[in-house]
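Computed from heavy atoms alone, side chains included, the values below leave out hydrogens, waters and symmetry copies. Residue numbers begin at 1 in each chain, while the letters A, B, ... track the order of the sequences.
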2 protein chains.
Amino acid sequence: MAFEAHLSQALLLKKVVDAMKDLCKEVNFDCSETGMQVQAMDSSHVALVSLLLRESAFSEFKCERPVSLGMNVESLSKVLKMCSPSDTLKLRCNGGADTVNFQCEGSDDRIADFDLKLMNIESEHMEIPEQHYKVVAKLPSSEFQRICKDLREFGETMQVKASKEGITFSVQGDVGAGNVLLKPREADKPEDKVTLTVHEPVTVTFALRYLVNFAKAAPLCGSVELGLSPDAPLLAKYDLDNADNGHMQFYLAPKIDE
Amino acid sequence: MAFEAHLSQALLLKKVVDAMKDLCKEVNFDCSETGMQVQAMDSSHVALVSLLLRESAFSEFKCERPVSLGMNVESLSKVLKMCSPSDTLKLRCNGGADTVNFQCEGSDDRIADFDLKLMNIESEHMEIPEQHYKVVAKLPSSEFQRICKDLREFGETMQVKASKEGITFSVQGDVGAGNVLLKPREADKPEDKVTLTVHEPVTVTFALRYLVNFAKAAPLCGSVELGLSPDAPLLAKYDLDNADNGHMQFYLAPKIDE
DNA sequence: TCCCTGTTGA
DNA sequence: TCAACAGGGA
């Protein structure tokens, strides 16, 4: 068995795939002994998804040699719908096989399994340079999702403006202009905090539709970290429950003002 | 008044009609002094719906002489949407009338009523011979529905394979192949049990779209009974809450292997 | 493709 | 009782 990985809760993979499926049609799951990784551009090559599931995220993980499992995300999502959130999920793939097997087992005596056909997906493996962002903002992921959805109603482009005073999300639309300002704040629960690390104030604009998609990753993590620099891609980072187990990151190129 | 029937809960009829409406466009409700009955083929003549509501299912039931009430199921469904689930529902039909009257009354003082036009529907009344099935499987109706829906995503044809070890539902599709295995199991609640009565192992295939429709009857009963024989129609039987009050049965001709 | 409604689970 | 997910319709 060239590759075998067990998740104690199928929920993790369900969330991750849900967050991915509106952006990418087909992706490679690159498996190595350290874990699983996905890097994929969206179809219009404006956004990039980067997923890292470390070996520690799995209850069992064995990968004899690196292998790239290319899957259709929509199909994968359907396969995972067969699993209840708390089912155990086993992924298996033999050396030369052209399918990957998903087996999910609930607490009752139900065993569902699926052989998903693998695809050859050409992927330019990108090295994403570690960025130093002028602003790093951390805010509740649900709040970020809410803001993106609300502003989406009024326009396609969002301006993000961050300084020590706070972070402002703005949209100009046909029917008017809207802003949401979040000031830094303390809170009992860490995920309810809003924190800003500002080396230099930043103003930059993005296409809202991608941000709306990114924000769907909210169930992964209570808070989201936004990295912002002028004229550089935005980073939206969602840690897994335990940050050591990995994370899901989204990058989005800014809109250049006309 | 040639025919009058009262239901203490409109919910029963709502459920029954919902389960029927994706299969049949128009049906005859055959009323006699023993109760109401529907037998109808789906439009492609592959599936058959058989509903029996015994006189005991009604809080009051009077049928002076047998009468066949032909209704458009979609319209009937709309009429029943006027009723809240717990409303009392009174059906009335005069001798020569060309409408049937539905009156539903809630606990508040709301009374809604509707005269639904009757239609003349020719129906070949079929005698369904009592079958002796090689396998009778009883399983939670919600689980059956879940399986049909999940597998439907991957293909149009489902193979059902039952033996003493369990019952397996399988589908082969373009993106892969899936199986769900249910083993016999005990449970506290009777409807959560999975039981198999096997005289002879059976493998038989069906068009999933009909099974998905059948499975919509799940709200009628916590468990469903599947009757299977090689090369014979499948039976899916849903008892009413009290089995003495009647049942809803679906039959589906198998797909013949090419 | 997006929106809305209904259903199910927490 | 409230929130999230899924399915159907426009």
Quiz item: When you look at CG of B:Asn242, are more than 12 heavy atoms from neighbouring residues, nucleotides or ligands closer to it than 6.0 Å?
Solution: yes
Exercise. Verify whether the ring centers belonging to A:Phe114 and B:Phe154 lie closer than 6.0 Å.
Key: yes
Exercise. Nearest whole angstrom, please: distance from the C1' of D:dG8 to the CZ of B:Arg209.
Key: 16 Å
Quiz prompt | Length of the NZ-C1' vector between B:Lys21 and C:dG6, whole Å | solution = 11 Å
Practice problem: For A:Arg146, check side chain to side chain donor-acceptor pair (under 3.5 Å) against everything at least two apart and list the hits. | Solution: A:Asp150
Exercise. Could you tell me the separation between the CE atom of A:Met82 and the P atom of D:dA6, rounded to a whole number of Å?
Key: 15 Å
Self-check item: First of B:Gln145 and A:Arg152 reached from the 5' end of DNA chain C, by closest nucleotide
Solution: A:Arg152
Exercise. Name the residue closer to the 5' end of DNA chain C, choosing between A:Pro85 and A:Glu153 according to the nucleotide with the nearest heavy atom.
Key: A:Glu153
Quiz item: Do you know which of A:Ile167, A:Val224, A:Leu182 makes side-chain contact (heavy atoms from CB on, under 4.5 Å) with A:Phe144?
Solution: A:Val224
Quiz item: Quick one: A:Arg146 CZ to D:dA4 P, roughly how many Å, whole number?
Solution: 12 Å
Quiz item: CD of A:Glu156 versus C1' of C:dT1: gap in Å, rounded?
Solution: 14 Å
Quiz prompt | Value in whole Å for how far the C1' atom of C:dT7 lies from NZ of B:Lys14 | solution = 14 Å
Quiz item: Taking atom P of C:dT7 as reference, at what distance in whole Å does atom CG of B:Asp18 sit?
Solution: 8 Å
Exercise. Let me know the distance between NZ of A:Lys81 and C1' of D:dA6, rounded to the nearest Å.
Key: 7 Å
